[in-house]
Amino acid sequence: MNPEAQMNRIRAVYPDAVALLEGSLTFVFLPALLIATGHGPVDLDALLCPHAHSGYTTRLFLSAVVPGPLPNWTEHTLFNKKWYTWSWNNIVADQAWMSILANHLAAFR
């Protein structure tokens with residue numbers, strides 16, 4: 001999938017989204033992403049990884065751990081910053097990045 005077209009789709013919903021490159025891989029920085037959780041909304045910076053990372057098909061990294069039932073939070077350093085993610089796998093990379101994001105956010109409901 002064309003990263004520029006994918007970014008345009010994400011920016012249509014999240015205008016402040018920024019593409020970040022690590023080698024040839026594009027990540028999507030989503031500042032102040034509003035996440036609906038069972039404990040109410042949480043506002044955190046997020047980093048969408050729409051490709052395989054650390055044994056997972058795709059990842060969503062957050063600037064802090066979200067309280068609640070999500071399992072096995074781990075810490076990662078990306079772009080010189082600490083990010084946190086949970087055990088949530090099999091969100092495949094061969095779909096639109098907005099779909100990848102929506103599928104990761106579904107874990108909080």
Side-chain angles (χ1 to χ4, degrees):
M1 294 192 185
N2 178 330
E4 185 176 334
Q6 294 296 326
M7 281 303 301
N8 288 339
R9 290 181 185 141
I10 287 180
R11 284 191 193 109
V13 179
Y14 302 104
D16 295 332
V18 176
L20 300 175
L21 293 175
E22 184 176 89
S24 63
L25 300 176
T26 302
F27 289 72
V28 182
F29 175 63
L30 299 152
L33 179 67
L34 187 60
I35 302 168
T37 76
H39 301 287
V42 176
D43 186 348
L44 294 171
D45 290 344
L47 187 63
L48 178 65
C49 178
H51 49 80
H53 189 284
S54 59
Y56 289 74
T57 52
T58 60
R59 301 296 308 247
L60 180 64
F61 298 96
L62 302 174
S63 57
V65 172
V66 176
L70 295 178
N72 303 323
W73 285 85
T74 57
E75 181 181 300
H76 302 260
T77 301
L78 297 160
F79 303 100
N80 296 315
K81 182 177 176 182
K82 289 186 180 186
W83 294 93
Y84 303 88
T85 191
W86 65 102
S87 182
W88 188 252
N89 204 359
N90 301 317
I91 307 299
V92 296
D94 65 349
Q95 60 183 315
W97 291 1
M98 280 297 299
S99 294
I100 294 171
L101 177 60
N103 283 307
H104 280 290
L105 292 174
F108 293 98
R109 287 187 230 129

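Side-chain atoms are counted along with the backbone in the values below, which use heavy atoms only and exclude waters and symmetry mates. Since the structure is predicted, the reported quantities are computational estimates derived from the model, not experimental observations.
- Side chains of L60 and I91 form no contact here, defined as non-hydrogen atoms less than 4.5 Å apart.
- Applying the side chain to side chain donor-acceptor pair (under 3.5 Å) definition to pairs two or more places apart or across chains, those involving residues 29-55 are S54-R59.
- Looking at L62 and I35, their side chains come closer than 4.5 Å, going by heavy atoms from C-beta outward.
- Between Q6 atom CD and L48 atom CG the span is 10.0 Å, to the nearest 0.5 Å.
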**OP:** For L30 and I10, run side-chain contact (heavy atoms from CB on, under 4.5 Å): C-alpha distance rounded to whole Å, both residues' side-chain angles, the deciding distance at 0.1 Å, then the answer.
**Re:** CA-CA 9 Å; L30 299 152; I10 287 180; 3.9 Å; yes

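- Residues passing the salt bridge (Lys or Arg N to Asp or Glu O under 4.0 Å) test with E4: none are found, sequence neighbours excluded.
- Hydrophobic clustering, with ILVMFWY side chains joined whenever heavy atoms are under 4.5 angstrom apart, groups L101 together with V66.
- Of all heavy-atom pairs spanning V92 and T57, the tightest one is N-OG1, 4.0 Å.
- Closest non-hydrogen pair, A93 versus P50, comes out as CB-O, 3.5 Å.
- With ring centers used as reference points, F108 lies 6.0 Å or more from W88.
- When all heavy atoms of F61 and C49 are compared, the pair lying nearest together is CE1-CB, 3.9 Å.
- Residue Y84 is grouped with residue V28 when hydrophobic side chains (ILVMFWY) are merged at heavy-atom distances under 4.5 angstrom, including chains of intermediate members.
- Within the structure, side chain to side chain donor-acceptor pair (under 3.5 Å) pairs that include any residue of residues 93-109 comprise T58-H104, Q95-N103 (at least two apart or interchain).
- At a threshold of 4.5 Å between side-chain heavy atoms, the hydrophobic network of Ile, Leu, Val, Met, Phe, Trp and Tyr places F29 and F79 in one connected group.
- Within a 6.0 Å sphere centred on NZ of K81, other residues, nucleotides and ligands contribute more than 12 heavy atoms.
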**OP:** With side-chain contact (heavy atoms from CB on, under 4.5 Å) as the test, would you mind laying out the steps for L33 and L105 before giving the verdict?
**Re:** CA-CA 10 Å; L33 179 67; L105 292 174; 4.1 Å; yes

List the atom pairs, with distances to 0.1 Å, where a side-chain N or O of residues 13-27 and a protein N or O form a donor-acceptor pair under 3.5 Å, not counting sequence neighbours.
none

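- Partners of S63 under the side chain to side chain donor-acceptor pair (under 3.5 Å) rule, at least two apart in sequence or in another chain, do not exist in this structure.
- Every residue two or more places apart in sequence or in another chain that forms a side chain to side chain donor-acceptor pair (under 3.5 Å) with Y56 is listed here: S87.
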